[in-house]
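What follows is a single structure, written as structure tokens, with notes after it.
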Amino acid sequence: MTEGTRPDTGADTGADTDRAPDRTPDQAPEAAAATQAAVIELLGVLAYGEITAFERLAEDAKMAPSVDDKAALAAMAVAEFQHFTRLREHLAGMGVDPAEAMAPFVKPLDAFHRHTAPSDWLEGLVKAYVGDGIAADFYREVAGHLAPDSRALVEEVLADTGHADFVVETVRAAIAADPRVAGRLALWGRRLMGEALSQAQRVAAERDALSALLVGGLTVPGFDLAEMGRMFTRITEAHTARMAALGLAS
């Protein structure tokens, strides 16, 4: 999921980490199982998000105006597929069937992408940078309440694929060439904000383990109402920063 403000954590998340359940020594077996279920659900939704990002970027490359632009989107798609592979291998290493972990998220994520299908090259770039970034911010916030090894893996696959500068430069150049496109893209960015937040909240609410993790129903601390408000403030501020980077009003 391409995103322009993701930090590179530099965390060591090698294949030998997180193979045991995500639990602390004093957790009851029931609580440990619930925590592990939340980890699996979070990795499942991220894995399906990465494979759909790969498919979408490959499809959007067909609208690219030049060979260089096609190559840039192809490189972004490859990075997303590598993230998907990392998650799939990690789930398998935990003894989880990756396809089963992803299955609950196929319909809601596919529906989101149908509702936010870009109409042209520039809308596709804004979606990759802004839309995916909003969802990534939400899942990173959720992962902040996991054990360090699971959190490091999530941050790794949500990290910037290294192509944010290409998106920003391309969109800014298009606005400079035709300032009229700025208004249309700004409206598109606002729509993506609403759709992405609704989709992320809906996915979490429909999955018991993710919902419990978010609101603090597990032994891992979740969000109280005040913190929930601060979380959405942080996500909104990050969205505003991305829109500004593109030269668009949020």
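Within the 4.5 Å cutoff, side-chain heavy atoms of Arg56 are placed close to those of Asp132. Here the side chains of Lys127 and His113 are in contact, with some heavy-atom distance below 4.5 Å.
Across every non-hydrogen atom of Ala77 and Ala58, the tightest pair is CB-N, 4.2 Å. Between Val96 and Ala101, the shortest heavy-atom contact is CG1-CB, 4.0 Å. Here the closest non-hydrogen pair linking Gly247 and Ile175 is O-CD1, 4.0 Å. Closest of all the heavy-atom pairs between Met243 and Ala249 is CE-O, 3.4 Å. Minimum heavy-atom separation, Met76 to Ala128: CE-CB, 4.3 Å. Nearest heavy atom pair, residue Pro118 against residue Asp60, reads CG-OD1, 3.9 Å.
Checked against side-chain contact (heavy atoms from CB on, under 4.5 Å), Ala61 has the following partners two or more places apart in sequence or in another chain: Leu73. Applying the salt bridge (charged side-chain N to carboxylate O under 4.0 Å, His left out) rule to Asp120 yields the partners Arg184; only residues at least two apart in sequence or on another chain are considered. With sequence neighbours excluded, the residues satisfying ring-ring contact (aromatic ring centres under 6.0 Å, His included) with Phe54 are Phe81. Listed by chain and residue number, nothing satisfies the salt bridge (charged side-chain N to carboxylate O under 4.0 Å, His left out) test with Arg151 (two or more places apart in sequence, or in another chain). Judged as a side-chain contact (heavy atoms from CB on, under 4.5 Å), and not counting sequence neighbours, the contacts of Asp178 are Arg180, Val181. Taking Lys107 as the reference, nothing meets the salt bridge (charged side-chain N to carboxylate O under 4.0 Å, His left out) condition, with sequence neighbours excluded. The side chain to side chain donor-acceptor pair (under 3.5 Å) search around Ser119 returns Glu123, not counting sequence neighbours. Residues passing the side-chain contact (heavy atoms from CB on, under 4.5 Å) test with Ala64, sequence neighbours excluded: Asp69, Lys70, Trp121. Residues meeting the side chain to side chain donor-acceptor pair (under 3.5 Å) test with Glu59, sequence neighbours left out: Lys62. Considering only residues two or more places apart in sequence or on other chains, Arg88 meets the side-chain contact (heavy atoms from CB on, under 4.5 Å) condition with Phe84, Thr85, Pro98. Residues satisfying the salt bridge (charged side-chain N to carboxylate O under 4.0 Å, His left out) criterion with Arg172, sequence neighbours excluded, are absent altogether.
A salt bridge links Glu141 and Arg234; the closest N-O separation between the charged side-chain nitrogens and carboxylate oxygens is under 4.0 Å.
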Go through the steps to decide whether Glu80 and Glu55 satisfy the test side-chain contact (heavy atoms from CB on, under 4.5 Å), and finish with yes or no.
-> CA-CA 9 Å; Glu80 302 293 1; Glu55 293 175 327; over 6 Å; no
Output, in order, the C-alpha distance, side-chain angles, deciding distance and verdict of side-chain contact (heavy atoms from CB on, under 4.5 Å) for Val142 and Val154.
-> CA-CA 10 Å; Val142 175; Val154 172; over 6 Å; no
Evaluate the criterion side-chain contact (heavy atoms from CB on, under 4.5 Å) for residue pair Ile235 and His239; output intermediate values, then yes/no.
-> CA-CA 6 Å; Ile235 291 174; His239 168 72; 5.6 Å; no
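Placement of Ile51 and Phe112 in two distinct hydrophobic clusters is found when ILVMFWY residues are connected by side-chain heavy-atom separations under 4.5 Å, directly or transitively. Using a 4.5 Å cut-off between side-chain heavy atoms of Ile, Leu, Val, Met, Phe, Trp and Tyr, with links allowed through other members, Leu248 and Leu187 fall into different hydrophobic clusters. Linking Ile, Leu, Val, Met, Phe, Trp and Tyr whenever their side-chain heavy atoms come within less than 4.5 Å leaves Tyr129 and Val78 in two separate clusters.
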Using residues 189-198 as the side-chain source, report each donor-acceptor pair under 3.5 Å to any protein atom, sequence neighbours left out, with the distance given to one decimal.
from: Arg190; atom 1: NE; to: Ser250; atom 2: O; distance (Å): 3.4
from: Arg191; atom 1: NH2; to: His115; atom 2: O; distance (Å): 2.1
from: Ser198; atom 1: OG; to: Gly194; atom 2: O; distance (Å): 2.9

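Listed for the Ser150 side chain is no donor-acceptor partner under 3.5 Å among the backbone atoms of Leu146. Checking side-chain atoms of Thr52 against main-chain N and O of Gly49 turns up a donor-acceptor pair under 3.5 Å.
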